[in-house]
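To start, the structure under review is shown below, and the notes come after it.
Protein chains get the first letters and strands the later ones, always in sequence-line order, with residue 1 at the start of each.
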There are 2 protein chains.
Amino acid sequence: MVTKNGDVKKMFRKWINNLSECELFKKITPEELNLVFSCLKPKVSVYEKNELVAVAGEKFTGTGIVMTGEVVVTKENAAGNRVIMAVNGSGEMFGEMFAFSGEGVWPVSVVARTACTVMFLPAGKIICNCERLCASHRQLITNMLEIVSGKALMLHRKLEYLTIKSLRGKISTFLLEQYKRAGSATFMMSMKRNELADFLNVSRPALSREMCRMRDEGVIEFHRESIKIKELDALKSMAE
Amino acid sequence: MVTKNGDVKKMFRKWINNLSECELFKKITPEELNLVFSCLKPKVSVYEKNELVAVAGEKFTGTGIVMTGEVVVTKENAAGNRVIMAVNGSGEMFGEMFAFSGEGVWPVSVVARTACTVMFLPAGKIICNCERLCASHRQLITNMLEIVSGKALMLHRKLEYLTIKSLRGKISTFLLEQYKRAGSATFMMSMKRNELADFLNVSRPALSREMCRMRDEGVIEFHRESIKIKELDALKSMAE
DNA sequence: CGTTTTTGGTAACCATGGTTACCGTATTAA
DNA sequence: TTAATACGGTAACCATGGTTACCAAAAACG
């Protein structure tokens, strides 16, 4: 790993346009970003393929933002196996949930999937009082809060599905949510059977079987991607 | 509902000592809190028992902090039934995840379980630039980030358990986590069977049955609250 | 245009875990 | 101390959903 503190300015000039597409920096113009960075003084590091970007158990160094290349976030589960949590590409963040949670160490390991460049924002710096608390700095904090709350909401939503015990309940809840979003009884599924089974944490044949049962009972009707809810009330009574 | 903007100062003087025990205001002294409140200008409202504090679908008014009494956070699920999400007492917050997530409306309803007093902090105000961006204001933002990230982490942890399909896997994972925390093969359970069953989202008799099986196989040993891991490797191979 | 791959429906078999019900032992309250 | 209640182990029965394997239709690819 090569730390390029000296080249930071040059690095930013090159990446500043891409970075404003990154969620953390949204609503901040490239010009303002320069100011923000002079406040934050982030560290940029370059990694070779398969190099360790962060090691579980070691001191937390700050939220990471992938500038180029890809990283893999892995977690060692209780059985001692490494499982992949996420693959993050250019512009994506990792460790955002740990930055402010009071944990002092990385609970996950991050490995360079390809050669990559990563920027680290120390948590303390984000909320520090720079002399001129610039508007953009405030925007940064807002963005951070938005990202973390958004993540929490997403997890919450996912949890709601997994807490439902019966497969029929999961399917009904999912369909009703889609129905509400679409605003009509006929709509397109946003996922393939495969993906939906994954999302609901059930097996694909079981999902298929149950959906067909519901079709045979006249509650729904479907062909491939398209779905039609025929008995809304029946469906509602199944969601639970 | 009676809004008492005029009495805000009096209200605070009375509650300021309790509030500094509230997570959002931790590390802020009562004196500093006065300053912070003069920045934030929160609204305080008084509700009678069973009165609606927030209505799902209506405009989001800000994070709520219960000053006295208790509120119930309820959500209408897909089937149209109201389910209780949380009961919040004095010093506890609600709506903290929605404040910054960009949702414009309350996704839940909040009802006064007893007569109660609730303080609302508008999301925008928390991150606003008051003239003298006081140290305490920064602390407030830090606390907010900490609370929301903590919530996200907790949800994440819960999700990990629910994603495990086999009951044995859930139990093993849970025990290994407890073991790691305790640092010894013998430790006390932090939950009763009932609560653990709830946490793992399984039925109590099934949990009991499986734990006894594991005991009969010689992997663990237990009596009521106390647990001893006898075959660590076996347990690890079951967690998954 | 034919071939390969992906997608999804179907069926049989069986393991897992929910349900209910009962009972003994702690724990708490009166 | 006794009564009431909470807690947890146990067993029988059975519904749900996982597994595997196969097939047909659709889509992607050469």
Send over the distance from [X] [atom1] to [N] [atom2], rounded to a whole Å.
X        : N      : atom1 : atom2 : value
A:His223 : D:dA27 : NE2   : C1'   : 12 Å
A:Leu167 : C:dG18 : CG    : C1'   : 15 Å
A:Met191 : C:dT7  : CE    : P     : 15 Å
B:Met211 : D:dT10 : CE    : P     : 11 Å
B:Asp198 : C:dG17 : CG    : P     : 17 Å
B:Ile171 : D:dG9  : CD1   : P     : 11 Å
B:Lys165 : C:dA15 : NZ    : P     : 18 Å
B:Glu225 : C:dT25 : CD    : P     : 18 Å

Of all the choices, [options], which nucleotide is nearest to the side chain of [X] once you look at every atom?
X        : options               : value
A:Ala206 : D:dG9, D:dG18, C:dG17 : D:dG18
B:Cys212 : D:dG17, D:dG9, C:dG17 : D:dG9
A:Asn194 : C:dG8, D:dC7, C:dG9   : C:dG8
B:Ser203 : D:dC7, C:dT10, C:dG18 : C:dG18

Side-chain donor/acceptor of B:Arg204 to base of D:dG9, under 3.5 Å: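 Side chain to base: pair found, below 3.5 Å.
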
Side chain B:Arg209 and base C:dG18 donor-acceptor under 3.5 Å: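 For B:Arg209, whose side chain was compared with the base of C:dG18, there is a donor-acceptor pair (under 3.5 Å).
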
Pair B:Glu146 + B:Lys151: basic N to acidic O under 4.0 Å: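 Between B:Lys151 and B:Glu146 there is no salt bridge, as every charged N stays at least 4.0 Å from the carboxylate O atoms.
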
A:Arg224 side-chain N/O to D:dA25 phosphate OP1/OP2 under 4.0 Å: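 No.
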
Pair B:Phe199 and B:Tyr161, ring centroids less than 6.0 Å apart: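 Yes, the ring centres sit under 6.0 Å apart.
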
Upstream residue (5' side of DNA chain D) when B:Lys192 and A:Leu207 are each assigned their closest nucleotide: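 Its nearest nucleotide being more 5', the pick is B:Lys192.
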
CE-NE2 distance between A:Met85 and B:His156, expressed to the nearest 0.5 angstrom: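 That separation rounds to 3.5 Å.
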
Whether A:Ser208 side chain and A:Arg204 backbone form a donor-acceptor pair below 3.5 Å: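 Flag not set: sc A:Ser208 to bb A:Arg204 has no pair under 3.5 Å.
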
Touch class at under 4.0 angstrom, heavy-atom based, for B:Arg215 against every strand present: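 Answer is sugar-phosphate: B:Arg215 comes under 4.0 Å of backbone atoms only.
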
Geometric class of the A:Phe120/A:Phe94 ring pair [parallel <30°, tilted 30-60°, perpendicular >60°]: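 Taking A:Phe120 first and then A:Phe94, their aromatic rings stand perpendicular (interplane angle over 60°).
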
